[in-house]
Amino acid sequence: MARIPHGRLATYGQIADLIGAFGCARRVGWALRRLKLPSTIPWHRVVNTQGRISMSLSREGSDWIQRDLLIAEGIPVDAEGRLPLRQFLWHPDAHAGD
DNA sequence: CATTTGACGCTCT
DNA sequence: TAGAGCGCCAAAT
């Protein structure tokens, strides 16, 4: 997840696939949930495949913090949490160096 | 030990 | 394009 470039987005499934946990997108979200903020890793660059921030009451506002952080990185986010995923989606194997 | 839940994703309508 | 249903698996209860 730390490999995600500034101003780029990745999906939960993408991260799961990247670490070999194919199809285990929910577990990525589970891991992020128990993340303590602030964190050194760019957790805010991870959204769902629908191109939306996963809003949840259990996040206690971290979802809105995520929206703010993304906007700060130049990614326009809708009031409903929707964003142009296709345009900012990160391609992990683009450089194939890591 | 049985159930419910969750920062997901795919398929069908 | 939007909404509903189902599978997924570890944690929490």
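All values reported here derive from a predicted model rather than from experimental measurement. Lettering follows sequence order; numbering is per chain, from 1.
Side chain A/Arg26 to base B/dG6: a donor-acceptor pair is found below 3.5 Å. With hydrogens and angles ignored, a donor-acceptor pair closer than 3.5 Å exists between the side chain of A/Arg59 and the base of B/dA7.
Residue A/Arg82 is classed as a sugar-phosphate contact, given heavy-atom separations below 4.0 Å to backbone atoms only. Within 4.0 Å (heavy atoms only), A/Gly23 reaches no atom of the nucleic acid at all.
Side-chain nitrogen and oxygen atoms of A/Ser54 include at least one within less than 4.0 Å of the OP1 or OP2 phosphate oxygen of B/dC8. Within the 4.0 Å cut-off from OP1 or OP2 of C/dA10, at least one side-chain nitrogen or oxygen of A/Arg27 is found. Checking the phosphate oxygens (OP1, OP2) of B/dG9, no side-chain nitrogen or oxygen of A/Thr49 falls inside 4.0 Å. In terms of phosphate contacts, A/Ser58 brings no side-chain nitrogen or oxygen within less than 4.0 Å of OP1 or OP2 of B/dT5.
Separating the CG atom of A/Asp68 from the C1' atom of B/dA7 is a distance of 17 Å, rounded to the nearest angstrom. Remark: C1' of B/dC8 and CZ of A/Phe22 are 17 Å apart, rounded to the nearest angstrom. In this structure, the CE atom of A/Met55 is 12 Å from the P atom of B/dC8, given to the nearest Å. Following rounding to the nearest Å, A/Leu37 (CG) and B/dA7 (C1') show an atom-to-atom distance of 11 Å. Between the P atom of C/dA10 and the CG atom of A/Leu32 lies a distance of 18 Å, rounded to the nearest Å. Between the CD atom of A/Gln14 and the P atom of B/dG9 there is a distance of 10 Å, rounded to whole Å. Atoms CD (A/Gln66) and P (B/dC8) sit 10 Å apart, rounded to a whole Å. Counting to the nearest Å, the P atom of B/dG6 and the CG atom of A/Asp63 are 14 Å from each other.
Cluster annotation: A/Leu18 and A/Ile4 are assigned to the same hydrophobic cluster (Ile/Leu/Val/Met/Phe/Trp/Tyr, side-chain heavy-atom contacts under 4.5 Å, transitive). Hydrophobic cluster membership is shared by A/Ile53 and A/Leu89, with clusters built from Ile, Leu, Val, Met, Phe, Trp and Tyr side chains linked at under 4.5 angstrom.
Considering all non-hydrogen atoms of both residues, A/Gly7 and A/Phe88 come closest at O-CD2, 3.4 Å. Nearest approach of A/Asn48 to A/Thr11, heavy atoms of both residues: O-CG2, 4.0 Å.
For the 3.5 Å distance criterion, the side chains of A/Gln66 and A/Arg45 fail to qualify, holding no donor opposite an acceptor.
Side-chain proximity of A/Trp43 to the nucleotides C/dA11, B/dC8, B/dA7 is greatest for B/dA7. Candidate nucleotides B/dA7, B/dC8, C/dA11 were compared by shortest atom distance to the side chain of A/Arg33, and B/dA7 ranks first.
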